[in-house]
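The figures that follow rest on heavy atoms only: side chains count, while hydrogens, waters and symmetry mates do not.
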Amino acid sequence: MSRAILCPSCGGSIDVKAAGYTVTVACRHCGSVLDVAQPDVAIIKEYHENVAKLPLPLGSRGILFGTQWEAIGWLRREAGGYSWGEYLLFNPYAGYRWLVHSDGKWQFGTMLTDMPRETGHWGEAAWRGETYASEDEPVTITTTRVIGEFYWRVQAGEMWVARSYDRGPASLSREWREGEEVQWTHLVGVPQRLIDAFVRPQGPDLARPEPVRSQVDGPKPGFFARFWQDSAGKRTSLWDMVKLVLITIVAAFLLLSFLTAGGNGVRGDGQVVVDGPTARITVGPVKLTSAYQFVTVKVAASNFTNRWVDLDYLLVNRATQATIPASATIEYYAGRDSDGYWSEGSHETSTRFAGVPAGDYDLLVEAEAKRWNDPSASNYNAPISGGNPWGIGGAQDATAPEQEVISLGFLVEPGGLPLGLWWLIVALASLPLLFLYAYRASRTAVYGEDA
């Protein structure tokens, strides 16, 4: 709850943002430091000079780490001839935080209640399982200027002893003085863009020459920008970007399906003798209507065990006699060993031709079947599985008692999603998301930013 008071020195109106919490206010009109803890506002000390032009005017509001803060107080502090500014931030639900401005960089400070401890090693402090190191000796810090409101009785000339402990871009600040308890603050970096997004207060004494665009009142982002930030400039969640990646993958799937379609498929069959001569089989014609497309050849064999079939393909254009070669193997093995029954392989295979021009084609197949002599095969009786999906005959069909014949069924059709290309698209679409996730995870760990 805010409270309006009048400065006894200059008569200017002052809006106390954290009424009930604030003890000291420095008048923004004349610089007088006022005690507002009592019903009658009393002047503690007057600074008869204009309020400094602050990089972030008091009253500015902005969102840091998911919470909106207002800058209500500012201190100028110095040590060893070096000076910097410290802002007191306030949120009625989250309390107070610090915003330190030094050498053009910003840090967000949280006062700690779970106190770090200084280890037995000189110059080290431990907090939440992590060790922070200090390379400097303790220094004396002096407050040289005060503007705004504070929750303790602050005044220029206050002196504290301080020491900083660092761990990468984060740090711990330990401040103490005689008769007062030690104060620890955890500091993390804040990007300049978040400070620039603070909404500055209006007024001739506080407004900048060029007003800063508000996060809330600025123009709405375009259609594509909404994938990455909302109208308030807040970064889109990772889940929203996951949905964008999924949309990209689905769109790629539909596009590939469209590009790989066109034309009619054809079926064919043939037989090959195990350890016999090369079988030559022709399947066609296959009519392709798209300028360029994939062509998929699926083969299913009758049941066999401990055999393999080598397939050499030539896709031949009937008009130009241009050929496209490919090859495949169907193999299936099974047996028993000390660990029991085992099997590997399949009675089916699929081969894909890429970039086939339009036209009428024949598929020329050369097939050779070989047996594998398993030392344990004499003691193994292979189970007879069900028929294949295309109704091909059993493994023991033979034209002569001493011959073992394997029947082959072919399906040649345009299209077919190229899984290699498909997974490449999925990987490329997901890669930026993975990098972004890792980047945001590191930012969250170090700076506490929302992912």
Is the backbone of [Y] close enough, under 3.5 Å, to the side chain of [X] for a donor and an acceptor to pair up by distance?
{"X": "S346", "Y": "E348", "answer": "yes"}
{"X": "R200", "Y": "L56", "answer": "no"}
{"X": "N91", "Y": "Q68", "answer": "yes"}
{"X": "T144", "Y": "R76", "answer": "yes"}

message = Can you see whether D103 engages W84 through a side-chain donor-acceptor pair at a distance of less than 3.5 angstrom?
response =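 On atom types as modelled, these side chains do not qualify, holding no pair under 3.5 Å.
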
What pair of heavy atoms forms the shortest contact from [X] to [Y], and how long is it?
{"X": "Y332", "Y": "S343", "result": "OH-CB, 3.5 Å"}
{"X": "S164", "Y": "S171", "result": "OG-CB, 4.1 Å"}
{"X": "S350", "Y": "T296", "result": "OG-CG2, 3.5 Å"}
{"X": "F198", "Y": "W69", "result": "CE2-O, 4.1 Å"}
{"X": "L58", "Y": "P201", "result": "O-CG, 3.3 Å"}
{"X": "A125", "Y": "W184", "result": "CB-CH2, 4.1 Å"}

With heavy-atom distances below 4.5 Å as the criterion, would you say the side chains of [X] and [Y] are in contact?
{"X": "L88", "Y": "E86", "answer": "no"}
{"X": "W98", "Y": "M111", "answer": "yes"}
{"X": "W106", "Y": "L194", "answer": "no"}
{"X": "V188", "Y": "F65", "answer": "yes"}
{"X": "F150", "Y": "L75", "answer": "yes"}
{"X": "H101", "Y": "W74", "answer": "no"}

key: Chi angles and distances behind the side-chain contact (heavy atoms from CB on, under 4.5 Å) call for I195, V190   = CA-CA 8 Å; I195 304 300; V190 177; 3.9 Å; yes

task = Could I get the full list of side chain to side chain donor-acceptor pair (under 3.5 Å) partners for E180, not counting sequence neighbours?
result =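 Only R177 meet the side chain to side chain donor-acceptor pair (under 3.5 Å) criterion with E180.
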
Residues that Y87 engages under side chain to side chain donor-acceptor pair (under 3.5 Å), provided they are two or more places apart =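 So Y87 forms no side chain to side chain donor-acceptor pair (under 3.5 Å) with any residue.
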
In residues 156-163, what donor-acceptor pairs under 3.5 Å come from side-chain atoms, sequence neighbours left out?
{"from": "R163", "atom 1": "NE", "to": "S134", "atom 2": "OG", "distance (Å)": "3.2"}
{"from": "R163", "atom 1": "NE", "to": "D136", "atom 2": "O", "distance (Å)": "3.1"}
{"from": "R163", "atom 1": "NH2", "to": "D136", "atom 2": "O", "distance (Å)": "3.4"}

key: CG on D166 to OH on Y132, rounded to 0.5 Å   =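 Output value for this atom pair is 9.5 Å.
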
inquiry  = Working to the nearest 0.5 angstrom, can you tell me the gap between F108 CZ and T185 OG1?
reply    =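 If I round to the nearest 0.5 Å, the distance is 11.0 Å.
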
Partners passing salt bridge (Lys or Arg N to Asp or Glu O under 4.0 Å) against E78 (at least two apart in sequence or in another chain) =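 Applying salt bridge (Lys or Arg N to Asp or Glu O under 4.0 Å) to E78 gives none.
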
request  = Specify whether H347 and F304 have parallel, tilted or perpendicular ring planes, treating 30° as the upper limit for parallel and 60° as the lower limit for perpendicular.
outcome  =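 The arrangement is perpendicular - the two ring planes meet at more than 60°.
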
request  = Test V297 against L311 for side-chain contact (heavy atoms from CB on, under 4.5 Å), laying out the working first.
outcome  = CA-CA 11 Å; V297 178; L311 301 167; over 6 Å; no

request  = Any chance you could lay out the side-chain contact (heavy atoms from CB on, under 4.5 Å) test for R145 and I147, step after step, and finish with the verdict?
outcome  = CA-CA 7 Å; R145 185 163 179 83; I147 301 176; 3.8 Å; yes

request  = Please step through side-chain contact (heavy atoms from CB on, under 4.5 Å) for the pair L172 and L112, ending with a clear verdict.
outcome  = CA-CA 10 Å; L172 294 174; L112 302 182; 3.9 Å; yes

query = Which residue, T67, L64, I72, forms the side-chain contact (heavy atoms from CB on, under 4.5 Å) with L89?
reply =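 For L89, the side-chain contact (heavy atoms from CB on, under 4.5 Å) test succeeds with only one of T67, L64, I72, which is L64.
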
query = If you count the non-hydrogen atoms of other residues, nucleotides and ligands that lie under 6.0 Å from NZ in K370, is the total more than 12?
reply =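 More than 12 within 6.0 Å, yes.
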
request  = Check side-chain contact (heavy atoms from CB on, under 4.5 Å) between A326 and all other residues, then give those that pass, not counting sequence neighbours.
outcome  =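 For A326, the residues satisfying side-chain contact (heavy atoms from CB on, under 4.5 Å) (neighbours in sequence not counted) are Y313, T351, F353.
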
inquiry  = The criterion is side-chain contact (heavy atoms from CB on, under 4.5 Å); which residues satisfy it with E344, sequence neighbours excluded?
reply    =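 Checked E344 against side-chain contact (heavy atoms from CB on, under 4.5 Å); matches are Y333, W342.
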
